[in-house]
Amino acid sequence: MCMKYDDKLITMEGVIVEVHDGCVGIDLKGRLGYLKIPMRMLITDYEIKVGQEVGFKMSFVEQLGPEPNLKYISNQQTYQKRQAEKQAAKETGKEETK
């Protein structure tokens, strides 16, 4: 698919609010939301700590077409079904131990 609009890179800023083994949670400034990224995507020369400020470049999100990606939807439904099955098995296991 072809993007219809030229890139207009915008500098975004945020504050690190969560640090885990494999990811970092960032609250975006300007009440623009929350972003969770893999640790490997964070460029740093320092130890990562909650409260540190970060910045990145971002463009606008453009919808590429009218049709949903059916493979993605199928994968999501399979994932949700497996999660529901795991939860049901966990609850059943808890009831049996009571």
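Keep in mind that what you see is a predicted model, and the values were worked out from it rather than measured.
With a 4.5 Å cut-off on side-chain heavy atoms, Phe56 and Met41 do not count as touching. The side-chain heavy atoms of Met12 and Leu32, taken from C-beta on, include a pair separated by under 4.5 Å. Contact check for Val54 versus Val15: no side-chain heavy atoms found under the 4.5 Å cut-off. Residues Lys86 and Lys90 fail the side-chain proximity criterion, which asks for heavy atoms closer than 4.5 Å. You'll find the side chain of Ile26 stays beyond 4.5 Å of the side chain of Val17, heavy atoms only. When side chains are defined from C-beta on, Cys23 does not count as touching Met39, because their heavy atoms never get closer than 4.5 Å.
No path of Ile, Leu, Val, Met, Phe, Trp and Tyr side chains, each step under 4.5 Å between heavy atoms, connects Tyr34 with Val50, placing them in separate hydrophobic clusters. A continuous path of hydrophobic side-chain contacts links Phe60 to Met58 [ILVMFWY only; heavy atoms under 4.5 Å].
With rounding to the nearest 0.5 angstrom, the CD atom of Gln52 is 5.0 Å from the CD1 atom of Ile16. Here the straight-line distance linking atom CG of Leu42 with atom CD1 of Ile48 works out to 4.5 Å at 0.5 Å rounding.
Counting non-hydrogen atoms of neighbouring residues, nucleotides and ligands closer than 6.0 angstrom, the CD atom of Gln87 exceeds 12 such neighbours. Heavy-atom neighbours of Ile43 CD1 from other residues, nucleotides or ligands within 6.0 Å: at or below the threshold of 12.
Between Tyr79 and the options Gln77, Arg82, Gln83, a side chain to side chain donor-acceptor pair (under 3.5 Å) holds for only Gln83.
Remark: the backbone N or O of Ser74 is paired with a side-chain donor or acceptor of Thr78 at under 3.5 angstrom.
Between Glu53 and Lys29, the shortest heavy-atom distance links the atoms OE2-NZ, 2.6 Å. Scanning all heavy atoms of the two residues, the minimum distance from Val19 to Lys49 falls at CG2-C, 4.3 Å.
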Audit row: Lys8, Ser59, side-chain hydrogen bond (donor to acceptor under 3.5 Å, both in side chains) steps and yes/no: CA-CA 6 Å; Lys8 180 180 179 185; Ser59 186; over 6 Å; no
